[in-house]
Protein chains: 2
Amino acid sequence: MRRVTIKDIAREAGVSAQTVSRAINDKGEISPQTQERILLIAERLGYRPNSVARSLATRRTQNIGLVVPDVANPFFAGIARGIEDAAHQSDHNVFLCNTDENVDRETKAIHSLEAQRVDGLILCSSRLSDPQLQKLANRYQPLVLVNRQIDHSQTGVVLVDDVRGATEAIRYLLQLGHRRIGLLAGPPASHSGKARLQGYLGAMQTQVSKVPAHWQEPCAPQVEGGRAAALELLRRAPDLTALLAYNDLVAVGAMRACVEAGRRVPEDCAIVGCDDVPLAALVSPALTTVHIPTYNLGQRTMSLLFDMMGDDIDHPEPIIISPHLVIRDSSGQPIA
Amino acid sequence: MRRVTIKDIAREAGVSAQTVSRAINDKGEISPQTQERILLIAERLGYRPNSVARSLATRRTQNIGLVVPDVANPFFAGIARGIEDAAHQSDHNVFLCNTDENVDRETKAIHSLEAQRVDGLILCSSRLSDPQLQKLANRYQPLVLVNRQIDHSQTGVVLVDDVRGATEAIRYLLQLGHRRIGLLAGPPASHSGKARLQGYLGAMQTQVSKVPAHWQEPCAPQVEGGRAAALELLRRAPDLTALLAYNDLVAVGAMRACVEAGRRVPEDCAIVGCDDVPLAALVSPALTTVHIPTYNLGQRTMSLLFDMMGDDIDHPEPIIISPHLVIRDSSGQPIA
DNA sequence: CTGTTAGCGCATTCAC
DNA sequence: GTGAATGCGCTAACAG
């Protein structure tokens with residue numbers, strides 16, 4: 001069962017293939033009557049334009065590639081939704097690839113997307129080395145990096161201002177009267193972890209002359225990591241009245257640790273998370289956390305990519321996404 | 001800056017384009033020496049095969065289309081990951097489209113995917129009407145439907161056995177000694193809601209001669225819906241000792257309602273959810289729930305699609321996914 | 001084992 | 001306003 005092509009319609013309508021093409025693409029240079037007639041025939045025959053052939057002829061696919069570590073992670077799911085919606089609104093399709101933070105899978109995905117001749121490429125939290133990324137950036141445009149720095153004049157960059165997020169969280173806790181605030185710092189290698197540490201230190205130093213190093217504890221970025229690190233921290237520094245967590249899962253782990261250590265949240269220990277994943281609003285007490293507008297981030301990322309696809313922009317303006325604090329029930333004034 | 005093509009390599013190597021094609025596709029019929037020589041040149045020139053041209057020539061794209069209501073929903077995210085991983089393992093790419101349960105968006109997505117000439121199409125929880133779906137199924141193969149029934153000899157179907165899931169949950173509660181078990185039934189129109197009701201009734205009737213209708217309450221499928229419905233149910237039938245919830249969010253809402261009504265979970269009221277989204281393990285008490293293996297479901301869906309892409313299977317065997325109960329801390333024996 | 005010819009389905013460029 | 005010729009980059013089918 002062969003699919004109907006432009007030629008079938010041309011024959012049926014008694015015109016040339018070219019005229020059919022014009023009718024379908026609504027390019028003006030055609031009489032309204034013949035256009036309508038052709039469109040009717042196309043409809044009747046169940047014609048579906050072949051994007052593959054069109055792409056080959058025009059050298060543009062109207063497809064973009066999106067590479068993320070894991071769409072099942074709500075953070076990336078939000079970004080993906082923002083990108084998808086923006087793309088589809090402008091009649092572009094998106095290839096989605098998951099890497100599980102595996103460099104080989106990421107490389108393979110990128111090669112595949114290059115082969116697909118996508119009109120643009122978005123890499124989230126890329127694990128490629130700097131040289132690899134530079135090489136890619138030289139070869140492939142337009143390219144937008146989310147959550148990853150690069151020094152390349154033609155590459156778009158979208159970053160979350162994690163320093164600011166942590167700063168806001170700490171300022172809020174300071175304002176409530178907390179002074180002895182611990183940090184569940186996340187994985188030592190994490191880029192955003194470092195930024196959040198920086199924000200923590202900067203904000204703390206406005207009120208506390210010397211912030212003890214033993215108020216910080218690295219941890220795996222899941223619930224169990226947070227629980228273990230919080231237990232350790234509360235043992236080492238029992239006078240802490242508040243904890244800032246690397247992310248919401250870590251914060252939930254910290255809440256568990258508090259329960260185990262016989263501390264009430266927020267009375268005996270305030271807890272603030274980061275990211276504001278859907279879970280955060282649903283735990284009890286509901287988590288105060290630094291919200292990152294992932295959907296909006298995705299939309300703006302796609303918007304930047306579209307801009308770059310249009311003109312050959314030389315120095316695309318970096319986009320910095322500002323997180324903001326969402327105050328719920330896991331934080332309050334210190335008792336003492 | 002033109003991309004390097006097969007011809008560039010052919011010229012460089014002093015062979016025909018066809019020979020280059022053979023070398024790249026590793027089709028055997030070529031001497032190892034020339035193949036290696038060509039591959040080296042390709043590598044040096046930074047050649048990337050053009051999948052678009054290849055697709056046009058072979059009439060196969062090695063791409064598949066995946067349409068879901070929302071990847072940000074963990075249920076579909078799990079399925080999407082399973083599909084993606086299976087697809088990529090077999091060197092296929094996937095176009096992802098979100099519909100937000102909007103029929104127009106779904107229709108548009110399908111048309112776009114048809115235009116892309118995807119080799120296969122997967123529709124999750126399609127909102128198309130039966131006639132629309134029949135029409136699509138007649139026109140487009142291979143097609144696999146997830147979470148949606150259809151009577152069409154050439155369409156693949158993957159379903160979750162929700163009757164069984166609810167049955168297992170109720171059997172477990174009965175075994176614990178519960179007899180007065182309420183059902184937070186979800187949206188009346190929901191397909192899976194009806195199936196779960198059926199499972200509930202069937203299992204209940206093995207131990208309870210007449211299951212009162214006022215032990216059931218419909219609800220919106222979110223936390224607040226579950227909370228409101230549970231409050232109503234506990235008011236109307238205060239002697240209930242356990243609740244089965246339409247999904248995990250509803251179950252979390254029910255947990256809230258219990259707290260508000262002064263009931264402890266699980267002592268004064270056991271609660272069992274459905275789906276086992278990541279949240280379920282993280283709330284306190286951790287939720288006993290009916291686990292649906294979404295990732296596996298995705299993998300098997302893709303596997304079915306691959307089978308259908310291979311041969312022209314006439315009556316693809318329906319795949320029925322069996323959920324199973326995961327016992328955590330929100331359920332226990334009744335006190336009375 | 002290798003080369004030649006002929007398309008895949010469409011859009012671009014030029015005629016008319 | 002419409003048509004004819006040409007090519008996008010690759011592979012299928014044949015020939016040698």
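Just so we're on the same page: letters track the sequence lines, and every chain starts at 1.
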Tyr47(A) meets the ring-ring contact (aromatic ring centres under 6.0 Å, His included) criterion, sequence neighbours left out, with none

With sugar-phosphate meaning primed atoms plus P, OP1 and OP2, does Val52(B) contact a base, only sugar-phosphate, or nothing at under 4.0 Å between heavy atoms? nothing

Looking only at side-chain N and O atoms, does Ser16(A) come under 4.0 Å of OP1 or OP2 in dT2(D)? no

Ile6(B) atom CD1 is separated from dG7(D) atom C1', nearest whole Å, by 16 Å

Taking only the side-chain nitrogens and oxygens of Tyr47(A), find out if one of them lies under 4.0 Å from OP1 or OP2 of dC10(C). yes

Check whether any side-chain heavy atom of Asp130(A) lies under 4.5 Å from a side-chain heavy atom of Ile150(A), and answer yes or no. no

Indicate yes or no for a side-chain donor-acceptor contact from Asp119(A) to the backbone of Thr61(A) under 3.5 Å, with no hydrogens or angles considered. yes

Take the protein atom CG of Asn50(A) and the nucleotide atom C1' of dG7(C), then report the distance between them rounded to whole Å. 14 Å

Integer-rounded Å distance: dC10(D) C1' and Lys7(B) NZ: 10 Å

Under 3.5 Å, which N/O atoms of the protein pair with N/O atoms of nucleotides 12-16 of chain D?
residue, atom, partner, partner atom, Å
dA12(D), N7, Gln18(B), NE2, 3.2
dA12(D), N6, Gln18(B), NE2, 2.1
dA13(D), N6, Gln18(B), NE2, 3.3

Gln35(A) CD - dG1(D) P separation (whole Å): 11 Å

Using atom CG of Asp8(A) as one end and atom C1' of dG9(C) as the other, report the distance to the nearest whole Å. 10 Å

Ranking dC1(C), dT2(D), dC10(D) by distance to the side chain of Ser31(B), first place goes to dC1(C)

Rounding to a whole Å, what distance do you find between Arg11(B):CZ and dC10(D):P? 12 Å

Distance below 4.0 Å between Thr19(A) side-chain N/O and dG3(D) OP1 or OP2: yes

Given that Arg117(B) and Val15(B) both sit by DNA chain C, which one's nearest nucleotide is further toward the 5' end? Val15(B)

Nearest-Å distance for atom pair CZ/P, residues Arg59(A) and dG7(D): 13 Å

Answer yes or no: is there a donor N or O on one side and an acceptor on the other, between the side chain of Gln35(B) and the main chain of Ala23(B), under 3.5 Å? yes

Between Ser322(B) and Asp161(B), do the side chains contain a donor N or O and an acceptor N or O under 3.5 Å apart? no

To the nearest angstrom, the CZ-P distance between Arg54(A) and dG7(D) comes to 22 Å

By nearest atom, which of the nucleotides dT4(C), dC10(C), dG9(D) is closest to the Ala53(B) side chain? dG9(D)

Would you mind classifying the nucleic acid contact of Thr34(A) as base, sugar-phosphate or nothing, using non-hydrogen atoms under 4.0 angstrom? sugar-phosphate

Kindly determine whether Arg127(A) and Glu106(A) satisfy salt bridge (Lys or Arg N to Asp or Glu O under 4.0 Å), including the steps that lead there. CA-CA 8 Å; Arg127(A) 282 299 183 104; Glu106(A) 184 173 349; over 6 Å; no

So, does Gln134(A) use its side chain to make a donor-acceptor pair with the main chain of Asp151(A) at under 3.5 Å? yes

